[in-house]
Amino acid sequence: LSVSHYLVDRRDLLFVLNEQLGLGKLTELPKYKDFDQGDFDLVLDEAIKVATELLSGLNKVADEQQCKLVDGKVVLPDGFVPAFKTFCEAGWVSPHGNPEHGGQGLPFTLTVSLSELFIGANPSFFFLPALTAAAANVLEDFGSEAHKQRFLEPMLTGRWTGTMCLTEPQAGSAVGELTTSARPLDGTERFALTGSKIFISAGDHEAAENIIHLVLARVEGDPAGTKGLSLFIVPKYKVDEAGRVGESNDVVTTALEHKMGINGSPTCALAFGENGDCEGYLLGERRMGIVYMFKMMNEARIMCGIQCAAAANASYQQALAYARDRVQGTRATSKSDERVAIIEHPDVRRNLLWMKSVSEGLRALLHQAAYWADLAVGLTDEKEVTRYQDLLELLTPICKAYATDMGFYVTEKGIQVLGGYGYVREYPLEQYMRDVKIASLYEGTNGIQALDLLGRKMRLKGGGLFMNWLQEANGSLQPHKDHPELGTLVQAVDKAKNALGEVTFAFPALGQKDPELFILQATPFLRAFGHVEVARQLVLQALIAQKALDALAKKAGAESPEQRRALLQDDSEARFYDGKVQAARFFVGNVLPETFSLAKSMKTPDRSALDIVF
Ligand SMILES: Cc1cc2nc3c(=O)[nH]c(=O)nc-3n(C[C@H](O)[C@H](O)[C@H](O)COP(=O)(O)OP(=O)(O)OC[C@H]3O[C@@H](n4cnc5c(N)ncnc54)[C@H](O)[C@@H]3O)c2cc1C
């Protein structure tokens, strides 16, 4: 058993991409017409090699060595700089980016798989390319032609990296309270920036020639709050109009955080313009900064979910391998003194199937969201585009908060499966758990995501986004309600969906009567919604898997339960499909029921959290 090696579940990735979503169908869209299925398969296999051969070996080293601030410069863990060079040269910085500027133009759905592989293998490393691609996307969408010419190609090819700079000591969730300011230098484009940012991921390092910070600041005289914020392109080293890198731009790393996890990622405190010489360029229009930043953050929120789906899946693979290997005790129900692997103990099996069903459910959720994003940008029919945009918009806070909470719980359960060995550093489980915790905090804490879902997304278009999702859910479930083997699962998800709907329709009255009590329901509502959507995904997967399993059984002439059992022993494909069905059964039977207790408590909510005098 490999104790630190990243274990990839290629089979399940292929299942989601090809059997559930139909990645190949995206080649019918004009945007992806130059690709074929063979290209996608090749890219995925190359990415698996990069994840397992280039990145995973550096994960533990990074955790142990951490980043260091030496003479004002950030030193990355051993191996990161050459690995980043190799990674960029192979074109992995922006699989989804515009090919005109150095991206590969691949579907976002496939990019989610690649991100899962890279971030699962080495989360700290992946911040470098992922933030760069995210910053480049904002430039692409909102930057002037001149800015695109100057910044995009070096970023999408990884010569320069990118950051997002929002947080200040007094302005975390309340980003509108930030005080970094910008003073016009000439005309409308060049500004002098002054201020301090904290917690900036990949804020400084020597892996690239330059770092392009996207800094949220307020132009002197602009209104207070988020509406007065503008976004600035602030390079670490000045860049002339021809794109040549010059002298320092007065961006100083004043401190490096010491953290619980992602220790190979430099989390920096940055001072802009301490010597009065920090120049930034206004990105897009003045006072539109928060709108542009949201664009970046929406993708980053999906990325947080992927980070957790990846850690959850990696934890499950490790726990499964360990449980098969570790011999301990005898079977509880047998008089035999034969010692068995812990995977034979019912409680360990329960933990493992909890991990499998949740982690595969999260993977499905995130790929589904990305597929909607691909359809939203690739289709031409306006109604269809709106439908998929709305689904994505509604589900984004769930992709972020549900996935990061549940993914964290999966990593914790992984430690439980290993017992004491899960707690020690010889095995990667404890690092997975420490590394992944951050995802529930950054890109808007999960509490803020819940408010976004309940307070904003559920109200958009007069509740139209939720109605659209109900329609999508009904459309996918109704035809299978009488399925011979899985009909009861379909009906259970349908019932949970209806319970969610009932609560939703009761909310306006609660909101009017007791607005604070209504707000208090945000986190339980998000959890319940996540359960239903993930159950839906798992049941849809089970329907596909059951069909494939039946076909395999028919081909093998396996009719009796004994023959089918023997087929599962002998045939890894049959085992895989059966595992998908069991995962759906488990989730519906053991995780989804929480929706009903949450729905009940949200309908007659308890006020103690508001009444208590702390
Ligand atoms: C490792 C790491 C990397 C980071 N990377 C970046 C980066 O690259 N760029 C960047 O700009 N920032 C980054 N951050 C900052 C991160 O986004 C913030 O920490 C986060 O936004 C929360 O802000 P805060 O820490 O000030 O917490 P606070 O805002 O003080 O929140 C504390 C608690 O109060 C709750 N809370 C606060 N306000 C409300 C409210 N109005 N309603 C309900 N609940 C509320 C929160 O949900 C949370 O539970 C990073 C942070 C870390 C630790």
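Side chains are part of it too, since the values below use all heavy atoms of this structure and drop only hydrogens, waters and symmetry mates. Read the numbers this way: they start at 1 and go in the same order the structure lists the ligands and their atoms.
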For residues 192-203, which side-chain donor-acceptor pairs fall under 3.5 Å, sequence neighbours excluded?
from, atom 1, to, atom 2, distance (Å)
Lys197, NZ, Leu166, O, 3.0
Lys197, NZ, Glu168, OE2, 3.0
Lys197, NZ, Leu216, O, 2.8

Next item on the list: Would you check if the side chain of Arg218 reaches a backbone N or O of Thr179 as a donor-acceptor pair within less than 3.5 Å?
Entry: no

By chain and number, the residues contacting ligand 1 below 4.0 angstrom (heavy atoms only) are Met164, Cys165, Leu166, Thr167, Gly172, Ser173, Phe199, Ile200, Ser201, Lys259, Ile262, Thr267, Ile438, Leu441, Tyr442, Glu443, Thr445, Ile448, Leu451

Charged N-O contact under 4.0 Å between Arg456 and Asp452:
yes

field: Donor-acceptor side-chain pairing of Ser94 and His101 below 3.5 angstrom
entry: no

- [ ] May I ask you to check whether His531 and Tyr402 place their ring centers less than 6.0 Å from one another?
- [x] yes

#### Entry: Geometric class of the Phe126/Phe87 ring pair [parallel <30°, tilted 30-60°, perpendicular >60°]
perpendicular

